[in-house]
Trainee: 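Got a structure for you, written out below as structure tokens; questions coming shortly.
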Amino acid sequence: MNIEHDLKIKIAEALYALYNITISPESIQLTETRKEFEGDFTLVVFPFIKESRLSPEETGKSIGEYISNNFNTLANFNVVKGFLNLGLSDGQWLEYFNEVGYLNKFILKVKGNDSIVKNVMVEYSSPNTNKPLHLGHVRNNLLGYSVAEILKEAGNSVKKANLINDRGIHICKSMLAWQRWGNGETPDSSGLKGDHLVGKYYVKFDKEYKKEIEELMKNGLNEDEAKKQAPVIIDAQEMLIKWEQGDSSVMELWKTMNGWVYEGFDATYKKLGVDFDKIYYESQTYLLGKAIVEEGLQKGIFYKKEDGSVWVDLTEDGLDEKLLLRGDGTSVYITQDLGTAALRFEEYPNLDQLIYVVGNEQEYHFKVLKLIFKKLGKPWWDGLYHLSYGMVNLPSGKMKSREGTVVDADELIEEMVNTSRDTTLALGKVEDFTMEQAEKLFYKLGMGALKYYILKVDAKKTMLFNPAESIDFNGNTGPFIQYTYARICSVIRKAEKLDGLKSFRQQSVLLDRPMMQKEKDILRHVFQFPNIVHGAATELSPSIVANYVYELAKLFNTFYHDCPIADAEKVNTSLFRLQLSNIAGQTIKECMRLMGIKVPEQM
RNA sequence: GGUCCCAUAGCUCAACCGGAUAGAGCAUCAGUUUUCUAAACUGACGGUUACAAGUUCGAGUCUUGUUGGGAUCACCA
């Protein structure tokens, strides 16, 4: 069942019969006809005029005539300049429609003839355990989750992975600060969420560190020297060495504080509705990274400097020299990435692609990572893919944790739910709800607004978030689409109480009148769904799904406004419109699910 | 400085591998309710797609240059 594909096959046949042009149906450019012209699909004929040796108009006309004469799918066609607009017959539309609507078989798998099932791992979230999640992480989490779901929908086998960055100098910083200035404070004693408590000490460290640098600079040191010689940073470095040596008191502190953070993260993940099939901890993989470094040294691909630090020279490839291991033997950021990647391909030998959902500020890092594996001769090096997304900026510019301008994830979620509660109560939508039902709804709507707001923007692009203006609930928003779904449910609920319409799902529809444009618009759009999922999976882009489902919701609302559904003048019309509403609703629900957004049946 | 990315309506974003008269939402203004949910619908206003050349049937999209903004090139992660 693929209308476009069927039509493309016919066009290909026409091109061959008329002009002896051999072209695969997939490579034919077919678009939905713009509303200002008559027709359903449009073929741009310019690419064929060289072979046809006719004007664009005449070429279009011939192709149209050929299809019209040889197949019974076309109701009409017209040519405007170089554009051939093809109108499918109502009978053809209904045939497709009954296949989908009547059988109610709407789990539209998108497996095309050419698609091969791939084994994919999507790594996303990947937080540091020294501070709570902020808006940037939210974008990461939503993107990663959605991309994974879209890939699954397109028929791939997908594993979601999270790599917890639980060790390193930054973790030692918050540990040191807590040890020194914490007075034994715990989440219980302070009432702070664990990740926020630890984050507080990370900030504290930075403050003290800055103070010391200032002192040293007053005493005549330059900035670089001061940064290296500040006692507090030296202590943190010592702590890192102790950690790598497995010092028991350091390990104990580390375990305790990370435990607090995990509790906090779990709560946030739960609220965001994201999940993982596999969790990696950097503390368990960084040693593998050291082994890779050793391997590279043996192979002569890496080299050691006098101070013991290990480097790789990538200048031939247009990059720089890159540090892989510090002089004191401790590992850096990329060390563990080397280890984790290798581990994953060992654990999952059939893995075709490893997608890293990581911000575009790390493009250089992933270029280096991939290149190193290529040099090491790992056969899977080309399967590494950096899904690089843009930053979330504030009107004042970049979010900076040190300057306290970050938008905290937990606070943001809470605000969204609060706004949703206020709006919904003001509209009087939940008068027949229990308290519990109402709270569930507020949460669904608040998160729907947030998720849609973030996912509708092309992942690659930098986006702007203005905390002063709360995220909208009207117009091109999550709640608008959720509302459309709730409306559909409401109509269906009412219709199912009527004798003649009760079993509309089980009835095949014979329409005894021409299909109306607004009905056809919805059908046409719904049938795009497989293409949309396929495209979104190829591009790894949830925004394609977001734009699509918004358009569908708009089409439905116009239709809903103009056409009576359950109480149309004829039963046949009601049956048809109910089924139409039903598949539109299911499509909306499925799209929203791909973005991790829940849809309410009443709001 | 080297490398890379971005620039579309007052604001936030679209534009399906180069296709028809560049579309939505917000904001502003004017309408729509005895009829299935007005978080909706209809209309108006709003553009030299940063600028300048080039490529061709055709450019927001591709090439080059200019201007403006961002990222990155750490013994940070």
Side-chain angles (χ1 to χ4, degrees), chain A residues 29 31-34 36-37 42 44-47 49 56 80-83 85 128 130 165 168-171 173 228 237 282 305 307-311 318-328 330 332-334 336 359-365 367-368 388 390-391 393 395 397-398 420 423-424 426-427 429 445 449 453 456-458 460-466 469 472-477 479-484 486-495 528 531-532 535 539 543-544 546-548 550-551 553-554 557-558 560-568 574 577 581 602-603:
Chain A
Q29 210 184 121
T31 55
E32 279 189 76
T33 303
R34 296 184 155 226
E36 55 266 41
F37 300 98
T42 297
V44 183
V45 302
F46 288 108
I49 57 175
V80 182
K81 292 195 258 178
F83 301 87
N85 300 316
N128 296 333
N130 62 346
N165 212 268
I169 188 71
H170 54 301
I171 310 296
K173 286 178 182 175
K228 280 181 192 162
Q237 282 159 353
E282 187 186 316
K305 284 193 180 171
D307 61 0
S309 57
V310 179
W311 298 74
L319 306 177
D320 295 288
E321 292 183 331
K322 181 86 184 169
L323 175 87
L324 302 176
L325 211 57
R326 291 197 188 98
D328 65 5
T330 58
V332 288
Y333 181 52
I334 200 164
Q336 60 80 25
N360 61 12
E361 56 194 354
Q362 293 193 37
E363 275 169 8
Y364 181 77
H365 172 79
K367 229 183 249 179
V368 170
S388 163
M391 300 288 98
N393 285 339
K398 212 182 157 177
S420 151
T423 313
T424 308
L427 288 168
K429 296 278 187 181
L445 297 180
Y453 178 84
K456 77 170 175 178
V457 180
D458 185 351
K460 284 175 297 208
K461 293 194 177 168
T462 305
M463 64 177 287
L464 192 111
F465 175 80
N466 190 346
E469 305 166 8
D472 239 305
F473 282 67
N474 298 319
N476 187 357
T477 66
F480 166 78
I481 298 161
Q482 291 170 314
Y483 174 70
T484 309
R487 265 182 154 180
I488 291 171
C489 291
S490 172
V491 180
I492 290 176
R493 266 197 307 273
K494 291 204 166 130
Q528 287 295 324
N531 293 336
I532 293 299
E539 304 287 322
S543 70
I544 292 175
N547 290 330
Y548 166 79
Y550 171 61
E551 194 60 38
K554 263 204 306 189
N557 277 320
T558 311
Y560 178 93
H561 183 265
D562 294 357
C563 309
I565 297 168
D567 51 358
S574 279
R577 288 181 179 167
S581 304
Q602 191 186 336
M603 70 183 266

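This one's a predicted model, so the numbers in the text were calculated from it and none came from an experiment. Just so we're on the same page: letters track the sequence lines, and every chain starts at 1.
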Trainee: For B:U37, does OP1 or OP2 lie under 4.0 Å from any side-chain N or O of A:S490?
Mentor: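 Answer yes for this pair, as a side-chain N or O of A:S490 is under 4.0 Å from OP1 or OP2.
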
Trainee: Touch check for A:V44, heavy atoms < 4.0 angstrom, all strands: base, sugar-phosphate only, or nothing?
Mentor: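 A:V44: base contact, heavy atoms under 4.0 Å.
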
Trainee: Need one value for A:T31: base, sugar-phosphate or nothing, where a base atom within 4.0 Å counts as base even if backbone is also close, heavy atoms only.
Mentor: base

Trainee: Do the side-chain N and O atoms of A:T42 and A:T33 include a donor-acceptor pair separated by under 3.5 angstrom?
Mentor: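 The criterion, which ignores hydrogens and geometry beyond distance, is satisfied for A:T33 and A:T42.
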
Trainee: More 5' along RNA chain B: A:V457 or A:E469, using each one's nearest nucleotide?
Mentor: A:E469

Trainee: For nucleotides B:C26 and B:U64, find the distance between their P atoms and express it as a whole number of Å.
Mentor: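 To the nearest whole Å, 40 Å.
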
Trainee: Pick base, sugar-phosphate or nothing for A:Q482, based on heavy-atom distances below 4.0 Å to the nucleic acid.
Mentor: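 Touches nothing.
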
Trainee: With heavy atoms under 4.0 Å as the rule, sort A:A495 into base, sugar-phosphate or nothing.
Mentor: nothing

Trainee: Whole angstrom is fine here: how far is it from CG in A:N476 over to P in B:A9?
Mentor: 17 Å

Trainee: Locate the shortest heavy-atom distance separating A:S388 from A:N360; write the atom from each residue and the value.
Mentor: OG-CB, 2.9 Å

Trainee: What is the distance, rounded to the nearest whole Å, between atom CZ of A:R487 and atom P of B:C41?
Mentor: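 Going from A:R487 (CZ) to B:C41 (P), I get 7 Å.
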
Trainee: Would you say the side chain of A:I565 lies within less than 4.5 Å of the side chain of A:S581, judging by non-hydrogen atoms?
Mentor: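 When only atoms from C-beta onward are counted, A:I565 and A:S581 do touch, with a gap below 4.5 Å.
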
Trainee: Once pairs are restricted to Watson-Crick or G-U wobble with both distances under 3.5 Å, how does RNA chain B read as a dot-bracket string, [ ] for crossings and | for other-strand pairs?
Mentor: (((((((..((((.....[...)))).(((((.......))))).....(((((..]....))))))))))))....

Trainee: For B:C45 and B:G54, measure between their C1' atoms and round to the nearest Å.
Mentor: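 Looking at atom C1' only, B:C45 and B:G54 are 36 Å apart.
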
Trainee: So, does A:K461 get its side chain near the phosphate of B:U12, meaning an N or O under 4.0 Å from OP1 or OP2?
Mentor: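 For A:K461, the contact criterion (side-chain N or O under 4.0 Å from OP1 or OP2 of B:U12) is not met.
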
Trainee: Verify the contact: side-chain N or O of A:Y483 to OP1 or OP2 of B:A39, cut-off strictly under 4.0 Å; return yes or no.
Mentor: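 Checking B:A39 against A:Y483, a side-chain N or O does come within under 4.0 Å of OP1 or OP2.
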
Trainee: In terms of the nearest nucleotide of RNA chain B, which residue is placed more toward the 5' end: A:I544 or A:K305?
Mentor: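 In this pair, the answer is A:I544.
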
Trainee: Do A:L319 and A:Y364 come close enough that some side-chain heavy atom pair is under 4.5 Å?
Mentor: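 Result yes, sub-4.5 Å side-chain heavy-atom pair found.
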
Trainee: I'd like to check, for A:F46, whether its ring lies over the base of B:G19 with centroids under 5.5 Å apart and a plane angle smaller than 30°.
Mentor: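 The ring of A:F46 is stacked on B:G19.
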
Trainee: Is it the case that A:D458 and A:S543 place a side-chain donor and acceptor less than 3.5 Å from each other?
Mentor: no

Trainee: Just compare B:A20, B:A39, B:U35 and give me whichever is closest to any side-chain atom of A:M603.
Mentor: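 The listed nucleotide nearest to A:M603's side chain is B:A39.
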
Trainee: If I pick the C1' atom on B:U61 and the same atom on B:A14, what distance separates them, to the nearest angstrom?
Mentor: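 13 Å, rounded to whole Å.
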
Trainee: Has the side chain of A:N557 got a donor or acceptor that lies under 3.5 Å from a partner of the other kind on the base of B:A38?
Mentor: no

Trainee: The side chain of A:K429 is closest to which nucleotide in this list: B:U37, B:A77, B:C41?
Mentor: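 Comparing B:U37, B:A77, B:C41 against the side chain of A:K429, the answer is B:U37.
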
Trainee: Return no unless some side-chain N or O of A:K460 is found under 4.0 Å from OP1 or OP2 of B:C5.
Mentor: no

Trainee: So which nucleotide from B:C36, B:C13, B:A24 ends up closest to the side chain of A:K554?
Mentor: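 Out of B:C36, B:C13, B:A24, the nucleotide with an atom closest to A:K554's side chain is B:A24.
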
Trainee: Can a donor-acceptor pair be found between the side chains of A:N85 and A:R34 at a distance below 3.5 Å?
Mentor: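 No - no donor-acceptor pair under 3.5 Å links their side chains.
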
Trainee: Answer syn or anti for B:C17, where the cut-off is 90° from 0 on the glycosidic torsion.
Mentor: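 This nucleotide is in syn.
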
Trainee: Under 4.0 Å, heavy atoms only, any strand: does A:T558 hit a base, just the sugar-phosphate, or nothing?
Mentor: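 Since only primed, P, OP1 and OP2 atoms lie under 4.0 Å of A:T558, the category is sugar-phosphate.
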
Trainee: Look at all strands and tell whether A:G327 reaches a base, only sugar-phosphate, or nothing, counting heavy atoms closer than 4.0 Å.
Mentor: base

Trainee: When rounded to the nearest Å, what value does the distance between C1' atoms of B:G68 and B:G25 take?
Mentor: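 After rounding to an integer number of Å, I get 27 Å for this pair.
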
Trainee: Using the P atom as the point on both nucleotides, what is the distance between B:A9 and B:G60, in whole Å?
Mentor: 15 Å

Trainee: Name the nucleic acid region contacted by A:L325, choosing base, sugar-phosphate or nothing; use a 4.0 angstrom heavy-atom cut-off, strictly under.
Mentor: nothing

Trainee: Considering every strand and a 4.0 Å limit on heavy-atom distances, what is the contact class for A:Q602: base, sugar-phosphate, or nothing?
Mentor: base

Trainee: Quick one: which of B:U21, B:C26, B:U72 gets closest to the side chain of A:D472?
Mentor: B:C26

Trainee: Mind calculating the distance between CG (A:D458) and P (B:U12) to the nearest angstrom?
Mentor: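 About 16 Å, once rounded to whole Å.
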
Trainee: Mind calculating the distance between CD1 (A:I532) and P (B:A15) to the nearest angstrom?
Mentor: 11 Å

Trainee: So what does A:C489 hit on the nucleic acid, given a heavy-atom distance under 4.0 Å: a base, only sugar-phosphate, or nothing?
Mentor: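 If one applies the 4.0 Å heavy-atom cut-off, A:C489 turns out to touch nothing in the nucleic acid.
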
Trainee: What nucleic acid atoms does A:N165 come within less than 4.0 Å of, heavy atoms only: base, sugar-phosphate, or nothing?
Mentor: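 Sugar-phosphate, backbone atoms only, no base.
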
Trainee: If the P atom of B:C16 is compared with that of B:U56, how far apart are they to the nearest Å?
Mentor: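 Pairwise P distance, B:C16 against B:U56, rounds to 23 Å.
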
Trainee: Taking the same atom, C1', in B:A52 and in B:U21, what whole-Å distance lies between them?
Mentor: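 One C1' to the other, the span is 26 Å.
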
Trainee: Of the listed nucleotides (B:A20, B:A14, B:C36), which one gets closest to any side-chain atom of A:N85?
Mentor: B:A20

Trainee: Report which part of the nucleic acid A:F480 touches: base, sugar-phosphate, or nothing (heavy-atom distance under 4.0 Å, all strands).
Mentor: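 Sugar-phosphate: the residue A:F480, judged by heavy atoms under 4.0 Å, touches backbone atoms but no base.
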
Trainee: Measure the distance from CD on A:E361 to C1' on B:C76 and round it to the nearest whole Å.
Mentor: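 Atom-to-atom, A:E361 to B:C76, this comes out as 12 Å.
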
Trainee: Rounded to whole Å, how long is the line connecting atom CD of A:E551 with atom P of B:A14?
Mentor: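 Atom-to-atom, A:E551 to B:A14, this comes out as 15 Å.
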
Trainee: Between A:T477 and B:A39, does any side-chain N or O lie under 4.0 Å from OP1 or OP2?
Mentor: no

Trainee: Check whether any side-chain N or O of A:K456 sits under 4.0 Å from OP1 or OP2 of B:G25, and answer yes or no.
Mentor: no

Trainee: Would you say the side chain of A:T484 and the base of B:A39 hold a donor-acceptor pair, judged only by whether the two atoms sit under 3.5 Å apart?
Mentor: no

Trainee: Measuring from the side chain of A:T42 (C-beta onward, heavy atoms only), which nucleotide among B:U72, B:A20, B:A40 has the closest atom?
Mentor: B:A20

Trainee: Would you say B:C13 has OP1 or OP2 under 4.0 Å from some side-chain N or O of A:N547?
Mentor: no

Trainee: Could you state the CE-P distance from A:M391 to B:C6, rounded to the nearest angstrom?
Mentor: 15 Å

Trainee: Can you tell me, in whole Å, how much space there is between the P of B:U63 and that of B:G1?
Mentor: 23 Å

Trainee: When you compare the side chains of A:Y333 and A:Q362, does any donor N or O come within less than 3.5 Å of an acceptor on the partner?
Mentor: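 The criterion, which ignores hydrogens and geometry beyond distance, is satisfied for A:Q362 and A:Y333.
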
Trainee: Output yes if the stacking criterion (under 5.5 Å between centres, under 30° between planes) is met for A:F37 over the base of B:A20, else no.
Mentor: yes

Trainee: Please classify the nucleic acid contact of A:I169 as base, sugar-phosphate, or nothing, using heavy-atom distances under 4.0 Å.
Mentor: sugar-phosphate

Trainee: Is any side-chain nitrogen or oxygen of A:R326 closer than 4.0 Å to OP1 or OP2 of B:A77?
Mentor: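 Checking B:A77 against A:R326, a side-chain N or O does come within under 4.0 Å of OP1 or OP2.
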
Trainee: Do you know which two heavy atoms are closest between A:N547 and A:K456, and how far apart they sit?
Mentor: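 A:N547 and A:K456 have their closest heavy atoms at OD1-O, 4.3 Å.
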
Trainee: Using a 4.0 Å heavy-atom cut-off across all strands, classify A:F83 as base, sugar-phosphate, or nothing.
Mentor: base

Trainee: Evaluate A:F473 against A:Y483 for side-chain contact (heavy atoms from CB on, under 4.5 Å), listing each step before the verdict.
Mentor: CA-CA 10 Å; A:F473 282 67; A:Y483 174 70; over 6 Å; no

Trainee: Tell me if the NZ atom of A:K228 is crowded by more than 12 foreign heavy atoms within 6.0 Å.
Mentor: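 No, the 6.0 Å shell around NZ holds no more than 12 heavy atoms from other groups.
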
Trainee: Distance check needed: B:A38 P versus A:F473 CZ, whole Å only.
Mentor: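 Spelled out: CZ on A:F473 to P on B:A38 is 19 Å.
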
Trainee: Counting side-chain heavy atoms from C-beta on, which of B:C4, B:C36, B:A39 comes nearest to A:E363?
Mentor: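 Closest nucleotide among those given: B:C4.
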
Trainee: Does A:I565 reach a base, just sugar-phosphate, or nothing at all? Heavy atoms under 4.0 Å.
Mentor: base

